[in-house]
Engineer: 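My questions will all concern the structure given below.
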Number of protein chains: 2
Amino acid sequence: MAVTIRDVAHASGVHVSTVSRAFSAAHLVNSQTRARVIAAADSLGYRPNRAARALSTRRTGNLGLIVADIANPFFPPLIKAAQAHARRSDHHVFVADTDEQVRAEEELIRSMATQVDGALLVAPRLGNRLITELSADVPFVVVNRRITNLPAVLMDVASGTRQALEHLASLGHREIALLTGPRASWTNQRLERAATDAAEYHGLRLHRLGPNQPTEGGGAGAAPDVLASGATAVLAYNDLVALGLVQELRGRGLAVPDGLSVVGVDNTHTARHCDLTTIDMPTAAAGRAAIDLLLHRITSEDAPGTVTLDTSLVVRGSTAPPAG
Amino acid sequence: MAVTIRDVAHASGVHVSTVSRAFSAAHLVNSQTRARVIAAADSLGYRPNRAARALSTRRTGNLGLIVADIANPFFPPLIKAAQAHARRSDHHVFVADTDEQVRAEEELIRSMATQVDGALLVAPRLGNRLITELSADVPFVVVNRRITNLPAVLMDVASGTRQALEHLASLGHREIALLTGPRASWTNQRLERAATDAAEYHGLRLHRLGPNQPTEGGGAGAAPDVLASGATAVLAYNDLVALGLVQELRGRGLAVPDGLSVVGVDNTHTARHCDLTTIDMPTAAAGRAAIDLLLHRITSEDAPGTVTLDTSLVVRGSTAPPAG
DNA sequence: GATGTTCATGCAACCGTTTGCAGTCTCCCC
DNA sequence: GGGGAGACTGCAAACGGTTGCATGAACATC
């Protein structure tokens with residue numbers, strides 16, 4: 001039915017192996033012959049069968065991309081950039097959503113393993129041991145997680161966190177609440193650490209509240225604790241948490257930023273619309289860098305590298321001097 | 001390197017064909033034999049090679065999903081639902097982002113064609129003729145577009161539009177601006193049509209302004225026209241346009257909803273956060289329905305169907321009675 | 001003119017599964 | 001006890017490419 005390499009060979013009067021080489025090893029075939037082959041292929045509408053190619057080369061030309069939740073606005077820009085970047089080297093990308101469930105994550109990785117040349121794990125929830133074990137089957141690059149011997153791309157929230165606390169301090173805030181996220185999250189660890197250090201440096205009191213679910217619900221649920229803490233400003237684990245909190249507080253009659261200043265993390269477009277001060281994550285750049293690392297890892301089996309990208313504060317309307 | 005069907009055959013003392021049947025046609029093999037095979041496969045960690053399977057069955061077990069812009073918050077819930085639903089029948093999903101470019105769309109479809117059993121085209125921008133032509137190679141299901149002889153899932157904005165105009169009329173608005181989207185968009189056509197009809201029914205004056213880019217920029221750019229039109233309420237092509245407009249107007253000192261009421265379309269989570277009245281699109285349901293249609297189309301080559309889903313208005317804080 | 005090199009191409013095995021066909025074995029029935 | 005039906009299983013040919021090796025031609029070297 002579909003046109004195969006054999007049809008092209010017949011049409012251009014050469015052996016199939018010559019056709020194959022005309023496509024995948026051009027320098028091995030006479031340029032005139034090659035031109036004839038290409039012409040025949042074009043006129044027949046030949047497209048190589050990737051499954052067949054995969055079978056003999058053991059390379060599928062596919063990459064996996066595993067995220068916790070596509071609907072979380074943090075991920076799409078990363079997915080988009082990664083996919084576009086992968087295409088430039090003729091790779092296709094499977095996107096899988098684990099729905100924040102660890103079991104699903106493992107199963108997805110396993111079922112993808114037979115079908116991809118490598119995979120990107122973005123902020124995986126799986127344990128280090130299991131990831132290391134799985135990495136025997138498929139080359140991984142992890143994003144926003146550190147695992148020994150695995151190449152990683154890190155968006156370091158520390159730099160942005162320092163800027164955020166400096167910003168709050170300069171506005172006159174002294175009591176800051178930190179809404180922490182999942183304990184296993186590398187970003188959360190960096191956030192806690194950087195916030196603690198920066199708070200000390202600026203002489204601020206830091207109230208850690210958490211861990212919270214990294215969702216609107218998590219933010220809304222933290223509202224009572226925030227109010228009880230006496231903090232005048234909040235740094236939240238991510239934009240969703242921040243916005244969930246803002247909405248809950250508004251429902252209780254507390255205005256932002258007049259009653260309370262709020263800073264998020266991620267700089268999702270939602271934050272842009274809601275005028276939320278937030279720490280910008282270079283997600284698109286991270287997506288591209290991760291693909292580069294992965295392709296490099298796949299083609300040359302050498303030492304893993306780590307790319308660290310800095311973050312920075314974006315000041316918008318959700319922060320202001322404390323009331324009174 | 002990887003464990004193959006041959007290893008399993010050897011370990012369980014049967015022929016490879018029996019192993020194959022044990023997995024893909026269980027009823028053809030003795031249940032005890034099958035148990036032995038499965039046990040051997042488990043202990044060896046056997047996973048069928050999908051490329052090899054694809055080669056002989058001409059079924060890859062992969063589906064394509066082509067969208068204009070992953071970062072547009074309209075798409076992720078659909079992608080997520082489609083992917084999760086596809087997995088239940090052991091299908092993997094390639095997601096491709098055309099970046100709103102027609103050329104990229106065609107090329108992506110072509111390059112996917114060899115590798116998927118079928119594809120979902122969500123709000124494609126390509127011309128009908130080309131899509132029909134391409135559909136000879138790959139089964140398609142289109143979402144939010146009508147093309148003769150192609151199965152489709154439609155989220156009909158008409159019902160929501162009627163509700164929106166009724167809502168605005170009941171608030172006392174008489175002059176409504178409609179910010180239209182891309183001409184080729186089926187949703188836009190339905191929107192214009194339904195708005196025209198409903199406006200007439202309620203005795204409202206409808207000012208059509210557009211076409212606008214379906215982005216924040218498009219909404220912001222329409223602000224001058226909206227102000228000039230004298231409308232007291234706006235129905236925008238989608239939430240992004242609506243929010244772009246709101247932001248631009250606020251920058252010019254015009255409050256929403258006090259100075260102007262705004263209604264969007266899509267009910268993205270951004271709309272939720274920004275307290276935007278909007279028409280809810282059942283994107284997750286559409287994603288599932290589209291996958292069902294596609295799988296059905298793939299397995300039984302019969303008549304294409306169309307699924308139409310209704311939409312409904314979600315009233316939030318961006319609409320109020322007109323000033324004065 | 002024998003030998004060696006290089007370039008271009010053909011040959012055929014292989015990648016891991018599936019599947020039509022052809023046994024073989026057991027069981028049942030007349 | 002001969003014949004037929006059914007249930008299993010093995011055999012081997014695909015599926016569509018890739019690639020190591022062999023072959024042959026053209027050309028240079030001594």
Engineer: Looking only at side-chain N and O atoms, does A:Ser56 come under 4.0 Å of OP1 or OP2 in D:dT18?
Structural biologist: no
Engineer: State, without any angle test, whether B:Thr60 and B:Asp117 hold a side-chain donor-acceptor pair at a distance under 3.5 Å.
Structural biologist: yes
Engineer: To the nearest Å, give me how far apart CZ (B:Arg6) and C1' (D:dA12) are.
Structural biologist: 11 Å
Engineer: Can you tell me the distance, in whole Å, between the CG atom of A:Asn30 and the P atom of D:dA26?
Structural biologist: 13 Å
Engineer: Between C:dC14 atom P and A:Ile5 atom CD1, what is the distance in whole Å?
Structural biologist: 19 Å
Engineer: Taking for each residue the nucleotide of DNA chain D with the nearest heavy atom, is it B:Ala52 or B:Val29 whose nucleotide lies nearer the 5' end?
Structural biologist: B:Val29
Engineer: Are more than 12 heavy atoms, taken from residues, nucleotides or ligands other than B:Glu106, located less than 6.0 Å from that residue's CD atom?
Structural biologist: yes
Engineer: Measure the distance from CZ on B:Phe23 to C1' on C:dT18 and round it to the nearest whole Å.
Structural biologist: 14 Å
Engineer: Would you indicate which nucleotide in D:dT18, C:dT17, D:dC15 comes nearest to any side-chain atom of B:Arg58?
Structural biologist: D:dC15
Engineer: Give a yes or no on whether B:Asp42 atom CG has more than 12 heavy-atom contacts from other residues, nucleotides or ligands under 6.0 Å away.
Structural biologist: yes
Engineer: Rounded to whole Å, please give me the gap between CG in B:Leu55 and P in D:dA13.
Structural biologist: 17 Å
Engineer: For the pair made of CG in B:Leu28 and C1' in D:dG10, what is the distance, rounded to whole Å?
Structural biologist: 14 Å
Engineer: With a cut-off of less than 4.0 Å, is there a side-chain N or O of B:Thr18 near OP1 or OP2 of D:dG10?
Structural biologist: yes
Engineer: Expressed as a whole number of angstroms, how long is the span from A:Arg50:CZ to C:dG16:C1'?
Structural biologist: 19 Å
Engineer: Within the 3.5 Å criterion, strictly below it, is a donor on B:His91 or B:Asn62 matched to an acceptor on the partner's side chain?
Structural biologist: no
Engineer: Do A:His92 and A:Arg87 have side-chain atoms, one donor and one acceptor, less than 3.5 Å apart?
Structural biologist: yes
Engineer: Which whole-number value in Å describes the distance from A:His10 NE2 to C:dG10 P?
Structural biologist: 13 Å
Engineer: Can you find a side chain N or O atom of B:Thr33 that sits less than 4.0 Å from OP1 or OP2 on D:dC8?
Structural biologist: no
Engineer: Strictly below 4.0 Å: does B:Arg53 bring a side-chain N or O up to OP1 or OP2 of C:dT18?
Structural biologist: yes
Engineer: Reckon B:Val14 touches a base, only the sugar-phosphate, or nothing at all at heavy-atom distances under 4.0 Å?
Structural biologist: sugar-phosphate
Engineer: For D:dC11 and B:His15 - does any side-chain N or O of the residue sit under 4.0 Å from the phosphate oxygens OP1/OP2?
Structural biologist: yes
Engineer: Classify the side chain of B:Arg21 versus the base of D:dG10 as yes if they form a donor-acceptor pair under 3.5 Å and no if they do not.
Structural biologist: yes
Engineer: Does D:dG16 have its OP1 or OP2 closer than 4.0 Å to a side-chain nitrogen or oxygen of A:Ser20?
Structural biologist: no
Engineer: Determine the contact category for A:Ser17: base if any of its heavy atoms lies under 4.0 Å from a base atom, sugar-phosphate if only primed atoms, P, OP1 or OP2 are that close, otherwise nothing.
Structural biologist: base
